[in-house]
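These notes concern the structure reproduced below.
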Amino acid sequence: MSALPLSGIKILDLTRVLAGPLSAQMLADLGAEVIKIERPGGGDDARAFGPPYLADPEGKQNNNNSFYLCANRNKKSATVNIAKPEGQAIIRELAKTADVMMENYKVGDLKRYGLDYETIKQLNPGIIYCSVTGFGQTGPYAPRAGYDAILQAMGGLMSVTGHIDGEPGEGPMKVGPSIVDYMTGMNTSIGILSALYHRDANNGEGQHIDVCLFDTVIASLSHWLQIYLVNGKTPPRRGTWGNGGMPAGVFRCTDGELMLVVGNDGQFQRTCAVLGEPELANDKRFVKNNDRVVHGKEIMAIFAGLFLKHPVAYWLEKLEEAGVPSGPINNFEQVFSDPHVQSRGMRVKVDHPFEPNLSLIRNALTFSGTPITEYRAPPLLGADTKEVLATIGYDDAKVEGLKAQGIL
């Protein structure tokens with residue numbers, strides 16, 4: 001079996017919370033050695049984001065919660081106080097042999113510690129230095145802190161998310177998960193991988209990458225935002241309605257709901273037949289998809305009445321036979337009980353010091369030649385400090401002395 005794609009790449013990870021750690025985790029899954037730098041005592045801010053926490057075998061309070069666990073597998077944790085000159089010296093020494101340095105501090109914060117790109121570049125000209133922020137390294141908002149929900153609001157995502165106007169509960173709505181953080185993490189990984197390729201193809205030339213949540217959420221609005229750029233009109237909130245083919249949305253059945261997306265005219269004809277109303281496909285209001293978009297409320301109302309005749313399982317079976325995309329609306333328990341999800345191995349087990357059979361979510365990439373087969377538990381705070389510092393010549397005595405001073 002071949003080595004993982006990023007074997008031999010060393011990453012110094014000074015990111016916290018979610019977007020940056022998710023990216024570093026992705027790179028760690030792909031084989032990079034990721035050294036996570038955390039504050040002595042408290043660690044990554046995510047460790048204090050609340051329950052649920054893993055149960056300590058000794059019954060002690062701990063900082064291994066679900067928020068931290070989701071974004072830090074396959075890493076090493078070293079505690080270093082970068083507010084102290086001795087801590088700053090450690091980071092600079094580690095950066096000398098790193099391929100990548102990642103950080104998500106406020107713009108300019110690391111310069112006062114001598115850990116900014118220009119300083120690190122002097123020590124390691126080939127380093128890829130990636131800054132992840134809310135609003136980027138330039139512009140009037142650059143100094144601001146940015147969290148997912150704020151960027152969902154400011155970037156326009158909430159303006160097009162939520163119940164249809166005129167329905168109960170109408171108004172802007174936040175997407176449940178921290179989706180902007182996740183997408184920013186993916187962009188960060190793409191940027192780092194691209195810069196590594198550029199470096200290796202161009203005589204070791206490193207560079208500074210600027211990734212931010214604001215840019216990411218705006219770019220992610222894709223075809224929705226393009227509508228505005230074409231006609232100057234913001235698309236209305238569509239609730240559970242689809243974004244292209246019609247009809248598409250959630251339909252209530254006798255015992256629950258299902259999601260349907262009719263993607264083309266052929267699928268529409270077959271859906272009408274399944275619903276027992278084949279003549280609908282010849283109604284001049286609904287013959288072509290563009291017609292169905294114009295008359296969306298009418299066809300959605302008709303379909304809503306028809307789906308109320310049978311249970312979810314009945315309709316899903318019939319729609320599957322007809323080749324029409326549809327699916328149940330699963331809760332998390334149902335997701336992990338789904339035989340397809342199980343066959344894809346989306347739940348992986350790791351050996352954690354507090355829980356020997358801890359469940360995590362697997363990396364979404366599947367390689368034929370370099371499969372990701374090993375998952376290591378997110379590290380306890382500072383678990384690898386001695387190991388990491390030994391690589392730059394710090395023996396046990398020196399490490400213990402720095403711990404006593406609050407440096408580690």
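Basis for what follows: all heavy atoms, side chains included, without hydrogens, waters or symmetry-related copies. Note that the coordinates shown come from a computational prediction; the quantities given were computed from them, not determined experimentally.
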Review point. Would Asp29 and Arg362 count as a salt bridge (charged side-chain N to carboxylate O under 4.0 Å, His left out) if you check the C-alpha gap in whole Å, the side-chain angles of each, and the deciding distance to 0.1 Å?
Key: CA-CA 9 Å; Asp29 290 345; Arg362 83 157 170 89; over 6 Å; no
Review point. Is any side-chain N of the basic residue among Arg252 and Glu257 closer than 4.0 Å to the acidic one's carboxylate O?
Key: yes
Review point. So does Asp165 pair up with Arg237, basic N to acidic O under 4.0 Å?
Key: yes
**Study point:** Audit row: Val17, Phe67, side-chain contact (heavy atoms from CB on, under 4.5 Å) steps and yes/no
**Key:** CA-CA 8 Å; Val17 188; Phe67 207 104; 4.0 Å; yes
Review point. Salt bridge between Lys84 and Glu86, side-chain N to carboxylate O under 4.0 Å?
Key: no
Point to revise | Candidates Val34, Asp181, Val132, Thr15 - the one meeting side-chain contact (heavy atoms from CB on, under 4.5 Å) with Pro21 | key: Thr15
Point to revise | Non-hydrogen side-chain atoms of Met101 and Ile91 separated by less than 4.5 Å | key: yes
Check your understanding: Any luck finding a side-chain donor-acceptor pair between Lys349 and Ser359 under 3.5 Å?
Key -> yes
Practice item. Would you mind checking if Asp384 and Lys75 are paired as a salt bridge, meaning a charged N to carboxylate O distance below 4.0 Å? Key: no
Exercise for review: Taking Tyr375 for its side chain and Asn363 for its backbone only, find out whether a donor-acceptor pair lies under 3.5 Å.
Suggested key: yes
Point to revise | Of Asp56, Leu381, Leu380, the residue whose pairing with Asn64 passes side-chain contact (heavy atoms from CB on, under 4.5 Å) | key: Leu380
Check your understanding: Regarding Gln334 and Asp338, is there a side-chain donor-to-acceptor distance under 3.5 Å anywhere?
Key -> no
Point to revise | Contact check, side chains of Lys297 and Trp241, non-hydrogen atoms, under 4.5 Å | key: yes
**Study point:** Whether Phe303 and Phe268 hold their rings parallel, tilted or perpendicular, with breakpoints at 30° and 60°
**Key:** parallel
Review point. Under a 4.5 Å cut-off applied to non-hydrogen side-chain atoms, are His208 and Ser131 in contact?
Key: yes
Check your understanding: Are Arg292 and Asp265 ion-paired here, with the side-chain N under 4.0 Å from a carboxylate O?
Key -> yes
